[in-house]
Amino acid sequence: MTHTFDNLPFQPADILLPQDCDLSLWSVVACDQYTSQPEYWQRVEERVGRAPSSLRLILPESCLEGPSVETDVMEVNNTMTRYLRENRFRTIPNSMIYVERTLHSGKVRRGLIGMADLEQYNYEPGSASAIRATEGTVMSRIPPRVSVRKNAPVELPHAMLLVDDPKKTLLEPLAEQTEAMERLYDFELMEDGGHLRGWKLNQSHLEQVTQALLAIQERANQEQDGLLFAVGDGNHSLAAAKEHYERRKRLTTPEQWPTLPSRHALVELVNLYDPAVEFLPIHRVVFGVEPLKALDALCRFEPNAVMGFRLDQSLRGKAMCFPYIHNEGEGEVAILSPDRLTYTGELQYFLDDYLSKHPQARVDYIHGEDTARKLAQRPETLVFLLPSIGKETLFPTVIRDGAFPLKSFSVGQANDKRFYLEARKIRV
């Protein structure tokens, strides 16, 4: 490993890339997307067929609580082992990969693939680590993900780290130097996922990245409480990797910790100020409820809640207004003098209480207003539409409050999420 990366939380890795297969069938979207749209995953299943695919190496989040989850996890691990035995991967040693993702909108999002040092990551609120979570971690969601990882010989990343680089010193210069790099892949993604290209950084590019990261780190230490990277996507995935590493540490001596493969996690690093990085709201869809009764419960739970259409215009700017939709209509609930700083925090406080008292109900977190509106037409379904947040508030909020509430924002639409492609060995 290049010695200049030794103290940085983002480093080169031995990256595995699939070979001798159709990359457009290999690469599928992050497992935590389309959880309430099983038809999406069915289409992917039919499209992939029997071809080698990362679809066989992941467990969609909608399956994590299924009746056959243990069998599914075993099948995933067995397929990983088989792919390794069949030389399905080639190794790009001690490398970083510069990537350009053309989104369905036509915008190009730049990224850098490397590995994050989990010793320098902490998802606990109030952490002073260099890498921090951006949303509250639901601890019940960690064990199923650890169970997928604990016997897995390889990992496939969908975690995205955001770096606060307004002067565009890290990634953007690489875009001008791709002619001097080895192109590794260039292909179309399925299901309106756009296009993906990747280049291997040479030694001079790695040194360039090192110097840029050291300068950003120095500024972070001086001005941002040491916060270098914020997790933009894959908070729970990275938290599971951290927990898996901590378990491995308990089974080994401290002298072995620096060389444990589980100490690192493969991630994509993206500039917060990339124009293609858009913060979109994540809407709440509540299933298994009578919408009018649930709305009445919200108004009783929040003593300052009123139906928004009755709200005096002079008070509207002081209230949090929550548009809602169900199959018999739509409207708005406004909460005067809210107790919490964010829309998601205020609504989630009610939803957590409501779900605890109505076990037949469940909530899903949906990217895209169009998808949320379609789901609202189902019976016994209530949708709350939430506003977006300004991405310039991300680092200050994480520094001040520890994290945003669960599912406060999304980096792009569901089909803009990271697609699986690269892998890394996490067991010797």
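- Here F301 and Y349 bring their ring centres to under 6.0 angstrom of each other.
- Note that the CZ atom of R427 and the CG atom of L84 stand 11.0 Å from one another [nearest 0.5 Å].
- Few gaps surround NZ on K391; more than 12 heavy atoms of other groups in view lie less than 6.0 Å from it.
- Other residues, nucleotides and ligands place more than 12 heavy atoms under 6.0 Å from the CD atom of E86.
- Scanning for ring-ring contact (aromatic ring centres under 6.0 Å, His included) contacts around Y273 gives an empty result, with sequence neighbours left out.
- The backbone N or O of H264 sits less than 3.5 Å from a side-chain atom of R424, completing a donor-acceptor pair.
- Contact between I97 and L201 at its shortest, heavy atoms only, is C-CD1, 4.2 Å.
- Between E39 and R43 there is no salt bridge, since none of the side-chain N atoms of the basic residue sits less than 4.0 Å from a carboxylate O of the acidic one.
- R50 CZ: 12 or fewer foreign heavy atoms inside a 6.0 Å radius.
- With hydrogens and angles disregarded, no donor-acceptor distance shorter than 3.5 Å links the side chain of S262 to the backbone of L260.
- Around atom CZ of R248, no more than 12 heavy atoms belonging to other residues, nucleotides or ligands sit under 6.0 Å away.
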**Message:** What verdict does the side chain to side chain contact (heavy atoms under 4.5 Å, CB included) test give for S408 and E135, after you've listed the backbone C-alpha separation in whole Å, the side-chain angles of each residue and the deciding distance to 0.1 Å?
**Reply:** CA-CA 7 Å; S408 291; E135 68 175 23; 5.8 Å; no
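- No donor-acceptor pair closer than 3.5 Å links the side chain of D225 to the backbone N or O of L227.
- The closest donor-acceptor contact from the side chain of T81 to the backbone of N77 lies under 3.5 Å.
- Environment of OH in Y365: crowded, with over 12 heavy atoms of neighbouring residues, nucleotides or ligands closer than 6.0 Å.
- Across every non-hydrogen atom of L118 and K242, the tightest pair is O-NZ, 2.7 Å.
- Panel note: side chain R197, backbone L184; no donor-acceptor pair is recorded below 3.5 Å.
- Under a cut-off of 6.0 angstrom, the local environment of NZ in K168 is crowded, with over 12 non-hydrogen atoms contributed by other residues, nucleotides or ligands.
- To the nearest 0.5 Å, atom OG1 of residue T344 and atom CZ of residue F409 are 10.0 Å apart.
- Y245 meets the ring-ring contact (aromatic ring centres under 6.0 Å, His included) test with no other residue; sequence neighbours excluded.
- Looking only at side-chain heavy atoms (C-beta outward), Q120 and S129 stay at 4.5 Å or farther from each other.
- The two residues A240 and I142 make their nearest non-hydrogen contact at CA-CG2, 4.1 Å.
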**Asked** So E422 and I92, side chain to side chain contact (heavy atoms under 4.5 Å, CB included) or not? Walk me through it.
**Response** CA-CA 10 Å; E422 307 85 1; I92 314 297; over 6 Å; no
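- Between F279 and L162, the shortest heavy-atom distance links the atoms CZ-CD1, 4.0 Å.
- Judged by distance alone, the side chain of T102 and the main-chain N or O of G194 form no donor-acceptor pair under 3.5 Å.
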**Request:** Begin with the C-alpha distance, continue with both residues' side-chain angles, and end with the deciding distance and a verdict on ring pair (Phe, Tyr, Trp, His ring centres under 6.0 Å) for Y185 and W26.
**Result:** CA-CA 12 Å; Y185 46 79; W26 172 273; over 10 Å; no
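- Heavy-atom contacts from other residues, nucleotides or ligands closer than 6.0 Å to CD of E46 number more than 12.
- The minimum heavy-atom distance between A334 and A319, with the atom names listed, is CB-CB, 4.3 Å.
- Taking the six-membered ring for Trp and the full ring otherwise, F187 and H195 have centroids separated by 6.0 Å or more.
- Considering only residues two or more places apart in sequence or on other chains, Y98 meets the ring-ring contact (aromatic ring centres under 6.0 Å, His included) condition with W199.
- Between the T381 side chain and the A376 main chain, no donor and acceptor come within less than 3.5 Å of each other.
- The shortest non-hydrogen separation linking R109 to L103 is NH1-CD2, 3.9 Å.
- The pair E172-R110 does not count as a salt bridge, with every side-chain nitrogen at least 4.0 angstrom from each carboxylate oxygen.
- A salt bridge is defined here as a Lys NZ or Arg NE, NH1 or NH2 lying under 4.0 Å from an Asp or Glu carboxylate O, and R145 with E61 meets this definition.
- Residue pairs satisfying the salt bridge (Lys or Arg N to Asp or Glu O under 4.0 Å) criterion with at least one member in residues 260-288, sequence neighbours excluded, are listed as follows: K107-E278, D117-R263, E268-R418.
- Note that CH2 of W41 and OH of Y34 are 9.0 Å apart. Values are rounded to the nearest 0.5 Å.
- For K249, the NZ atom counts as densely surrounded, since its 6.0 Å shell holds more than 12 non-hydrogen atoms of other residues, nucleotides or ligands.
- For residues 18-38, no pair satisfies salt bridge (Lys or Arg N to Asp or Glu O under 4.0 Å), with sequence neighbours left out.
- Taken to the nearest 0.5 Å, the NE2 atom of H205 stands 6.0 Å off from the CD atom of Q208.
- Ring geometry, H358 versus Y354: the interplanar angle falls under 30°, so the pair is classed parallel (tilted spans 30 to 60°).
- F287 meets the ring-ring contact (aromatic ring centres under 6.0 Å, His included) test with no other residue; sequence neighbours excluded.
- By the 4.0 Å N-to-carboxylate-O rule, D353 lies close enough to K357 to be salt-bridged with it.
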